[in-house]
Every structure is written in structure tokens, then in C-alpha cells.
Amino acid sequence: MKIAIIGVGNIGGTLAKAWLKSGHKILLGVRDLESDGVQGLLSLSEGVSAKPIYEAAQEAEVILIAVPSAAVFEVVKNMGYVADKVIIDAMNSVGKKPEPFANTTEAIRHHTRCRHLVKCFNSTGWENIANPMYGDTAIDMFMAGSSEKGKQVAAQLSKEAGFAECYDIGGDDKVQLLEDFALFWINLAIMQRQGRNIAFKLLRRP
Ligand SMILES: NC(=O)c1ccc[n+]([C@@H]2O[C@H](COP(=O)([O-])OP(=O)(O)OC[C@H]3O[C@@H](n4cnc5c(N)ncnc54)[C@H](OP(=O)(O)O)[C@@H]3O)[C@@H](O)[C@H]2O)c1
């Protein structure tokens, strides 16, 4: 797949590396083509290129948005028409919500009219995305949204990043729950000082 990654920090940079290994073509959508982070990712493989946000978004089939929530409005404005593409929202509104919207997914939906929008890769720390293994056990990922196509793509990309399962927690009405779940992880890891090497996995009796 051709995947545009908008925001190539902890989350975007980590997923770019993971998806490069699976053979996807990665288009970094960035403000500064010369930054050290961008140049570092470019040096990894010929499968990665860096472009202005508009070009990366237009060329891609799938767009991952992983910028601070406050930047969501600028990003959606810069992407151009993307209603037919799959958009994966990995953001959390830590601190301030993107008002008047309750969360970034609602802001993206309103401004892009995207039909294949899904929230995924937001519910755990970037270190767990870089390495989803705890001993021999792979942790789980979670996604929410009403687009089956969006969820199919997110589930595939989650498996390729090394997660055991990508559980579908429901439609658009469950997006806020998934963001609250991320805040639950943040609360445990940071406020309650459990550290960032903690993760969730669904256990099931046979
Ligand atoms: N860190 C985590 O463990 C974690 C876990 C789950 C979800 N998240 C969520 O993922 C998102 C990104 O977090 P992160 O830790 O990866 O952040 P980060 O390391 O600070 O990276 C943010 C990226 O966004 C870009 N950016 C900022 N403002 C922009 C704008 N107006 N237009 C275009 N690009 C812009 C930055 O580019 P420049 O270099 O040009 O500034 C940078 O590449 C946040 O919403 C966060 O809540 C983070």
C-alpha cells in the first residue's frame, strides 16, 4: 500500500519503520523536508520518500495522522480532498480538545468528509508500538469507527506492526471510548507511575 504519514515523531516515525519492513511505500507528509528526523527515515530505505503534506496525502491510499491534537485543523486543511482514502487517526486530545469537536476523529470527519476513517494506534505508548512483545507474548491493539474498509486496513497494519490482535471496539460512537482508554493507559503509566513499559492484552478462557 502507499501510506502517507503526517507527523513523523514518536508515533509516525515508529510506524513508518514498521510498515517499511512489511514492504509498504511510505510517503512522509512533513513541513520540513530537511529535518533530522525526516532525513533519518529517508536513509532507511528507498521505499520511503518525503513530500509536502498535500502531495503525500494525494498520492497515498492510506493516511496516518499522528500530530499533536492542536494541529489537526491545519493538517486537514493542508491535505486537500481525501474523502475516498482510508484515514487512520492515531491522536489523543491530551490536555485540550479540538473544540468544538469532542476528539480529533470528529474534527477529521467534519473537515474531510472521509468515508473510511478509523481510530487506531492511539491507545498505547510509542515504545509498545516499536516493540509489542512482552517476552513471548504480543500485546493487542484496538480500533474504533464505522468504516469496515478503514478497520480492515487498520487491522492488517496492526498485525504487520507486530500486535497479536486488533480488537474492533465498535463504530463511530466508540471513538471517544478509545480515546478515554488511551488516557487510562497514560494515567496508569505516568500519573500513577507504573512506567511506560505496561500494555493491555485481552485474556480469554478456552
Ligand atoms: N507519544 C506516544 O506515546 C503516543 C501514543 C499514542 C498516541 N499519541 C498521539 O500521537 C500524536 C503524535 O504524538 P507523538 O508523540 O508522535 O508527537 P511528536 O513526537 O511530538 O511528533 C509530532 C509530529 O507532528 C508534527 N507536527 C506538529 N504540528 C504540525 C503541523 N501543524 N502540521 C504538520 N505536522 C505537524 C511534528 O513535525 P515538526 O517536526 O514539523 O514539528 C512531528 O513530526 C499525538 O496526538 C499523541 O497524543 C502519542
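Note that ligands are numbered from 1 as they come in the structure, with each ligand's atoms numbered from 1 the same way. FYI, side chains are in, hydrogens and waters are out, and symmetry mates aren't considered; it's all heavy atoms of this structure. What you see is a predicted model; the values in this text were computed from it and never measured.
By the ring-ring contact (aromatic ring centres under 6.0 Å, His included) test, Phe73 is found to be paired with His111, residues two or more places apart in sequence or in another chain being considered. With sequence neighbours excluded, the residues that form a salt bridge (Lys or Arg N to Asp or Glu O under 4.0 Å) with Glu59 are Lys25, Lys51.
Of all atoms in ligand 1, listed by their number and element, those nearer than 4.0 Å to a heavy atom of Asn122 are 6 (C), 7 (C). Close approach to Gly125 involves these atoms of ligand 1, each under 4.0 Å from a residue heavy atom: 3 (O). Atoms of ligand 1 lying under 4.0 Å from any heavy atom of Ala71, numbered from 1 in the order shown and given with element: 28 (N), 29 (C), 30 (C), 31 (N).
For NZ of Lys77, the number of neighbouring non-hydrogen atoms (other residues, nucleotides, ligands) closer than 6.0 Å is 12 at most. Around the NZ atom of Lys17, the shell of radius 6.0 Å holds no more than 12 heavy atoms that belong to other residues, nucleotides or ligands.
Minimum interatomic distance between Gln58 and Val82 (heavy atoms only, all atoms of both residues): NE2-CG1, 4.1 Å. In plain terms, the two heavy atoms of Asn92 and Asn122 that are nearest each other are ND2-O, 2.8 Å. The shortest non-hydrogen separation linking Leu41 to Ala16 is CD2-CB, 4.4 Å. Contact detail for Ile5 and Leu15: the closest heavy-atom pair is CD1-C, 4.3 Å. Here the closest non-hydrogen pair linking Lys85 and Cys114 is O-SG, 3.1 Å. Between Phe163 and Ala138 the shortest heavy-atom distance is C-CB, 4.4 Å.
Of the protein's heavy atoms, Pro68 CD, 3.9 Å lies nearest to atom 22 (C) of ligand 1. Among protein heavy atoms, the minimum distance from atom 15 (O) of ligand 1 is reached at Asn10 ND2, 3.0 Å. Of all protein heavy atoms, the one lying nearest to atom 21 (O) of ligand 1 is Gly9 CA, 3.3 Å. Scanning all protein heavy atoms for the shortest distance to atom 43 (O) of ligand 1 gives Val8 N, 3.0 Å. In this structure, atom 39 (O) of ligand 1 lies nearest to the protein heavy atom Arg31 NH2, 4.9 Å. If you check which protein heavy atom lies closest to atom 5 (C) of ligand 1, you get Thr124 O, 3.1 Å. Of all protein heavy atoms, the one closest to atom 23 (C) of ligand 1 is Gly7 CA, 3.8 Å. For atom 13 (O) of ligand 1, the closest heavy atom belonging to the protein is Ile11 CG1, 4.3 Å.
The distance from atom CD1 of Ile87 to atom CD1 of Ile108, rounded to the nearest 0.5 Å, is 6.0 Å.
With a heavy-atom cut-off of 4.0 Å, Ile53 touches ligand 1 through its side chain alone. Residue contacts with ligand 1, taken as heavy atom pairs separated by less than 4.0 Å, involve Arg196 solely via side-chain atoms from C-beta onward. When non-hydrogen atoms are compared, ligand 1 lies under 4.0 Å from the side chain of Glu74 (C-beta onward) but not from its backbone. The proximity of Ala90 to ligand 1, defined as any non-hydrogen pair under 4.0 Å, is limited to the backbone.
Proximity of the aromatic rings of Phe200 and Phe181 is defined here by a centroid distance below 6.0 angstrom, and this criterion is met.
If you run side-chain hydrogen bond (donor to acceptor under 3.5 Å, both in side chains) between Lys119 and each of Asn103, Asp172, Thr105, only Thr105 comes through.
Selection from Leu64, Val67, Asn92 by nearest heavy atom to atom 24 (O) of ligand 1 gives Val67.
At least one N/O-N/O distance between Trp126 and ligand 1 falls below 3.5 Å. For ligand 1, the polar-atom distance check finds no N/O of Glu127 at less than 3.5 Å from any of the ligand's N/O atoms. By the 3.5 Å distance cut-off applied to N or O atoms, Asp32 is not counted among the residues near ligand 1.
Of the protein's heavy atoms, at least one falls inside 4.0 Å of atom 1 (N) of ligand 1.
Residue contacts with ligand 1 leave out Thr14, since none of its heavy atoms falls under 4.0 Å from the ligand.
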